[in-house]
Colleague: 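Please read through the structure below; I'll follow up with questions.
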Amino acid sequence: MPHDGRSWAGFPALRASEAGAPDIGSPPPAAEAAAIDRVLRFAGAALAAVYVPGAGEEELRLTEMVGCATSEYGLPERLPVSGGSPAAYAFRTGRPLWLNPPELASYPEGGPMPPRAELSLGALPLGSDGTRLGCLVVVGAARTGFEAEHQRFLQRYADAVAGLLQATTGRPAPDPLLGPALQSLRVGSFVLVPNTGLVEADDTLLELLSITPDDFDGKADTLLAHALPEDMHALMSVLEPSTPAFGRRELEFRVRRPTGEMRWLNLSCRPVLGHDDRPDQVLGVVTATSVLRRSADDVSRIQWLTAALDDATEVREVGRVVVAALREPLGADRVALAELREDRLTVTMLDPPQPSAWPETWRAQWRSEWPDAPVTALPTLQLALRDGRTDLWPAGTAFEPGLVGVGNGGLAVLPLPAKGRPAGVCLVGWDQPHEFAPEERSLLTATAALVGQALKRAHAHDAEQELATLLQRSLLPRRLPELPGGTAVARYLPARRGLQVGGDWYDVIALSEDRVALVIGDVQGHSAGAATIMGQMRTAVRAYAVEGHPPDVVMSHANRLLVGMETDLFATCCYAELDMDGGTTLFVRAGHLAPLVRHPDGKTEEVEVEGGLPLGVLAEAEFPMTSVVLAPGTVLALVTDGLVESADLPLDEGMSRTATALSEADPGDPGRMADALLGDAGRREDDVALLLLRYDGMKIRPTRAGWAVWRLPDAVMHARRFTARTLRRWKVEEATDPVLLVVSELVTNALVHTQGPVSVDLTLRAGRVRVSVSDSSPRAPAKPVIVDWEATGGRGLLLVEAMSESFGSVPVAGGKQVWSEIAVPRREPAPADAEPPPEGGSPP
């Protein structure tokens with residue numbers, strides 16, 4: 001395959017890194033680095049670097065640098081925030097700085113080293129809503145500085161980097177940033193060898209063309225086959241240069257997506273000349289047309305806008321398309337988009353996003369509602385919304401206070417119609433006097449009609465997704481319980497297509513002080529119906545588990561319940577009951593994926609759990625149990641198929657990848673471990689649930705003893721003797737009196753009021769004795785409401801409650817368990833200077 005030889009006009013060849021170069025993290029893989037280099041070159045940049053604030057925000061620290069000249073030009077590792085470097089200036093002011101070579105030479109610090117007379121530099125602040133996150137520095141080799149087209153692209157690049165930083169607020173920044181940020185812009189790149197027809201394309205380009213990596217054979221014809229036939233001739237002339245005069249070329253073309261939709265793409269390329277001044281290679285980038293410059297033709301612009309709005313599913317995406325369609329082509333200084341909700345206007349997009357770019361009256365309620373937000377308080381907008389026509393106001397027009405300063409040089413007010421009613425309004429403002437050409441009115445009117453429909457559709461989509469998210473969150477646990485001897489974490493990601501709600505669920509159920517149940521399941525489909533069944537199944541499994549049933553019985557009850565619902569959906573489930581004291585785990589699997597176990601030595605394997613049928617298929621299905629003993633330091637992973645299986649990922653390969661990721665992840669932080677397993681899920685076809693438990697073992701292991709009570713006249717006496725012997729053996733005689741009283745009362749109640757076997761269990765842990773009396777009656781003991789002199793019973797439970805630190809009753813399989821915890825009194829140490837009593841006598 002051809003490779004990028006880095007021989008492009010204006011950029012020097014690479015040289016070895018100098019000693020003492022700053023450590024800016026691990027370099028990206030070769031293929032990714034080559035793709036980043038190609039895209040940056042087309043943006044006029046030889047390298048890009050990220051600076052973030054250090055401790056105390058007194059300096060900026062270089063964290064990452066990419067590009068084709070990272071070893072040719074060095075950048076300072078640290079820059080004082082109060083200094084005179086371009087990066088510090090952009091960070092302090094929040095304004096981008098573009099410097100041509102003479103301007104860059106006037107800055108005493110912060111430039112490339114060694115200094116070059118032909119270098120230009122851009123410093124773009126990284127921030128959102130007034131926050132200062134860092135600075136993106138780009139270095140170019142054009143003597144005239146960065147072109148306007150390059151500046152626009154690099155600003156979008158900086159916004160993408162800032163978005164990644166903003167998402168990690170309060171956590172360490174991801175490493176790297178520049179590669180993922182470029183991928184989020186969906187800029188693909190390629191290297192073509194015209195003489196052979198071979199082409200090297202990155203994954204982003206293949207995605208834009210709707211080609212899977214497995215289907216790409218490295219031939220240019222394969223890429224061209226996905227373009228519409230009427231655009232083929234233009235593409236052939238661009239990708240097959242035949243004359244030395246062939247220079248940079250740019251065109252728009254269309255591809256047909258697998259769903260039948262049409263996508264507009266922009267291709268920009270230039271040749272790399274060989275020794276005979278003929279093109280040896282063609283370097284190019286392909287993007288969605290909203291990223292690079294579009295054609296000035298109005299028809300092409302409307303075609304682009306239609307395609308872009310068709311892909312915009314959220315209100316914010318619609319806003320970004322409106323900004324790209326109007327602000328740059330019209331040379332506007334401001335664009336605002338607002339939705340109309342009843343009689344109030346709510347701002348959904350402001351560009352530029354810095355508060356300082358807007359009037360003072362807008363800043364108090366930034367990105368919320370206008371001051372005096374009712375439409376009646378804004379006559380200019382009320383008139384446009386009532387008449388339904390675009391109003392163009394020239395420079396010098398006197399506006400109401402709410403609009404002063406938005407468009408001093410001219411203001412366009414666009415009502416956005418949707419199905420006969422206004423969906424919102426768009427404002428386009430200029431600071432300098434602007435003359436409205438007739439074609440601009442046509443463009444604005446056509447844009448308003450398209451945006452109104454898209455805004456209405458996006459608002460309905462957002463409302464639907466918000467409802468789906470609330471439904472999903474209400475059906476899943478808000479938080480996981482804290483466990484003695486282990487840490488549990490969970491992740492849930494909805495599918496990115498259709499309604500973002502599904503049937504995957506997870507749960508962690510604390511059954512007792514040393515037993516926990518882990519549950520993960522998946523109801524067929526990802527819809528509101530699947531989510532409803534999921535909520536019912538999660539509630540049912542939790543209820544059966546809390547009742548004290550063993551795992552196989554819990555699964556059998558849940559299966560019969562789902563069969564009885566008479567639904568067409570079935571569910572898979574994996575249930576694990578873990579003894580936190582000894583590590584013994586009982587697994588039951590109903591058609592679900594096998595759990596994964598990472599041993600303390602890092603080895604990962606699937607647990608061979610005998611499986612049963614999915615829930616809801618056969619009422620009499622059996623669910624055998626499998627017992628596994630976990631050693632402290634083991635990590636147990638339960639996953640759903642959305643993580644390990646997709647249309648282009650076989651199940652076996654997905655499980656193998658997940659096992660490898662589990663083995664390589666750091667078990668010291670289960671949260672990051674879960675994130676590592678999720679990885680970059682991309683465009684998920686199914687929702688994903690993941691449940692991890694790191695089993696550490698209990699630091700203080702309890703001491704236990706049990707006694708089966710005989711139904712004899714002196715049964716209580718035998719139970720008391722067993723208790724006294726046990727307390728003496730445990731050397732906690734100080735608690736004998738209250739414990740014996742509790743045992744007497746609870747055993748008496750069990751013998752008198754129940755039938756069947758009765759047992760006493762004693763547990764000593766952390767200075768407390770726990771008395772548990774189990775019987776075969778599911779009926780919980782009830783304290784008397786009134787106790788008077790004539791009452792014949794009921795005082796026993798009041799005595800137990802008075803003597804106990806805590807007291808209660810829980811259901812168990814086949815009955816209940818009444819328990820009480822009594823604190824062991826602390827022994828007072830004997831004084832160190834106390835004299836022993838005389839022999840045969842008593843102390844004074």
Colleague: Report the C-alpha distance between L47 and V66 in whole Å, list the side-chain angles of each, state the deciding distance to 0.1 Å, and finish with yes or no for side-chain contact (heavy atoms from CB on, under 4.5 Å).
Modeller: CA-CA 6 Å; L47 64 86; V66 299; over 6 Å; no
Colleague: Kindly give the heavy-atom pair with the smallest separation between R186 and L208, and that separation in Å.
Modeller: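 Heavy atoms only, the tightest pair is O-CD1, 3.5 Å.
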Colleague: Of all residues at least two apart in sequence or in a different chain, which pass the side-chain contact (heavy atoms from CB on, under 4.5 Å) check with E605?
Modeller: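 Counting only residues at least two positions away or on another chain, E605 forms a side-chain contact (heavy atoms from CB on, under 4.5 Å) with H599.
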Colleague: Whether the side chain of T640 engages the backbone of D522 through a donor-acceptor N/O pair (distance < 3.5 Å, no angle test) should be reported.
Modeller: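 It does not hold such a pair.
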Colleague: Kindly say whether L638 contributes a backbone atom to a donor-acceptor pair with the side chain of H592 at under 3.5 angstrom?
Modeller: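 It does not hold such a pair.
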Colleague: Can you list the residues that meet the side-chain contact (heavy atoms from CB on, under 4.5 Å) rule with L649, with sequence neighbours excluded?
Modeller: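 If we apply the side-chain contact (heavy atoms from CB on, under 4.5 Å) test to L649, skipping adjacent residues, the hits are S646, E653, R657.
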Colleague: To the nearest 0.5 angstrom, please state how far the OG1 atom of T572 sits from the CG atom of L593.
Modeller: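 One gets 7.0 Å once the value is rounded to the nearest 0.5 Å.
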Colleague: How about L265 and L209: do any of their side-chain heavy atoms sit closer than 4.5 Å?
Modeller: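 Contact flag for L265/L209 side chains = yes.
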Colleague: Can you name the residues that form a side-chain hydrogen bond (donor to acceptor under 3.5 Å, both in side chains) with E147, not counting sequence neighbours?
Modeller: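 Here no residue qualifies.
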Colleague: Compare all side-chain heavy atoms of S210 with those of V255 and state whether any distance is below 4.5 angstrom.
Modeller: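 Not in contact.
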Colleague: Please name all residues satisfying side-chain contact (heavy atoms from CB on, under 4.5 Å) with A674, sequence neighbours left out, ordered by chain then number.
Modeller: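 With neighbours one apart ignored, the set is V489, R491, L690, L692.
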Colleague: Do you know which two heavy atoms are closest between L476 and W505, and how far apart they sit?
Modeller: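 Smallest interatomic distance, heavy atoms only, reads CD2-CA, 3.7 Å.
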Colleague: Return the CG to CG distance between L136 and L126, rounded to the nearest 0.5 Å.
Modeller: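 Spacing of CG (L136) from CG (L126) equals 6.0 Å.
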Colleague: Has the side chain of Q183 got a donor or acceptor atom that lies under 3.5 Å from a matching backbone atom of T204?
Modeller: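 No: the side chain of Q183 does not pair with the backbone of T204.
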Colleague: Measure across I520 and L691 and return the closest heavy-atom pair with its distance rounded to 0.1 Å.
Modeller: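 Residues I520 and L691, closest heavy atoms: CD1-N, 4.2 Å.
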Colleague: Taking T660 for the side chain and S656 for the main chain, is one N or O donor matched with an acceptor at less than 3.5 Å?
Modeller: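 Yes, because the side chain of T660 sits within donor-acceptor range (under 3.5 Å) of the backbone of S656.
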Colleague: Strictly by modelled atom types, are D202 and S189 linked by a side-chain donor-acceptor pair under 3.5 Å?
Modeller: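 Result is yes, a qualifying pair exists.
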Colleague: As a quick check of understanding, evaluate side-chain contact (heavy atoms from CB on, under 4.5 Å) for L124 and W98, giving each step before the final call.
Modeller: CA-CA 8 Å; L124 295 87; W98 301 101; 3.8 Å; yes
Colleague: side-chain contact (heavy atoms from CB on, under 4.5 Å), that's the test. Do F153 and V285 meet it? Break it down for me.
Modeller: CA-CA 13 Å; F153 174 75; V285 294; over 6 Å; no
Colleague: For residues P96 and Q155, determine if any side-chain heavy atom of one lies less than 4.5 Å from a side-chain heavy atom of the other.
Modeller: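 Side-chain contact under 4.5 Å: yes.
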Colleague: Could you measure the distance from the CG atom of L224 to the NZ atom of K219? Nearest 0.5 Å is fine.
Modeller: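 Answer for the CG-NZ pair, L224 versus K219, is 13.0 Å.
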Colleague: Run the side-chain hydrogen bond (donor to acceptor under 3.5 Å, both in side chains) test on T222 and D217 for me, step by step, so that the C-alpha distance in whole Å, both residues' side-chain angles and the decisive distance to 0.1 Å come before the verdict.
Modeller: CA-CA 7 Å; T222 304; D217 56 4; 2.6 Å; yes
Colleague: Looking at every non-hydrogen atom in both residues, tell me the closest pair between G127 and A162 and how far apart they are.
Modeller: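 Distance-wise, the nearest heavy atoms are N-CB, 3.8 Å.
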Colleague: Holding to side-chain contact (heavy atoms from CB on, under 4.5 Å), I want the full list of residues that pass it with D215, two or more places apart in sequence or in another chain.
Modeller: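 With neighbours one apart ignored, the set is I211, T212.
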Colleague: Return the OG1 to CE distance between T604 and M655, rounded to the nearest 0.5 Å.
Modeller: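 Rounded to the nearest 0.5 Å, the OG1-CE separation comes to 11.0 Å.
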Colleague: Hey, could you give me the CG/CZ distance between L205 and F190, rounded to the nearest 0.5 Å?
Modeller: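 The distance works out to 7.5 Å.
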Colleague: With a 4.5 Å limit on heavy-atom distance, are the side chains of V139 and S120 in contact?
Modeller: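 They are not in side-chain contact.
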Colleague: Mind checking the CE-OG1 spacing from M65 to T63? Nearest 0.5 Å is all I need.
Modeller: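 With rounding to 0.5 Å, CE (M65) is 10.5 Å from OG1 (T63).
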Colleague: Using the test side-chain hydrogen bond (donor to acceptor under 3.5 Å, both in side chains), find all partners of D641 that sit at least two apart in sequence or belong to another chain.
Modeller: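 Once residues adjacent in sequence are excluded, D641 has no partner under the side-chain hydrogen bond (donor to acceptor under 3.5 Å, both in side chains) criterion.
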Colleague: Of V138, L40, V187, which is the lone residue that meets side chain to side chain contact (heavy atoms under 4.5 Å, CB included) with Y157?
Modeller: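 Among V138, L40, V187, the one meeting side chain to side chain contact (heavy atoms under 4.5 Å, CB included) with Y157 is L40.
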Colleague: Mind listing the closest non-hydrogen atom pair of F570 and P614 along with its distance?
Modeller: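 Shortest heavy-atom separation between F570 and P614 comes out as CD1-CB, 3.8 Å.
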Colleague: Assess whether side-chain contact (heavy atoms from CB on, under 4.5 Å) is satisfied between V199 and V282, documenting all intermediate values.
Modeller: CA-CA 9 Å; V199 63; V282 176; over 6 Å; no
Colleague: Taking C-beta and beyond as the side chain, do V52 and L133 meet within less than 4.5 Å on heavy atoms?
Modeller: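 No, too far: nothing below the 4.5 Å cut-off.
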Colleague: What are the two closest heavy atoms between S663 and R598, and how far apart are they?
Modeller: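 Looking at all heavy atoms of both residues, the closest pair is O-NH2, 3.2 Å.
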Colleague: Is there a side-chain contact between L185 and T287 (heavy atoms, below 4.5 Å)?
Modeller: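 Not touching, per the 4.5 Å side-chain cut-off.
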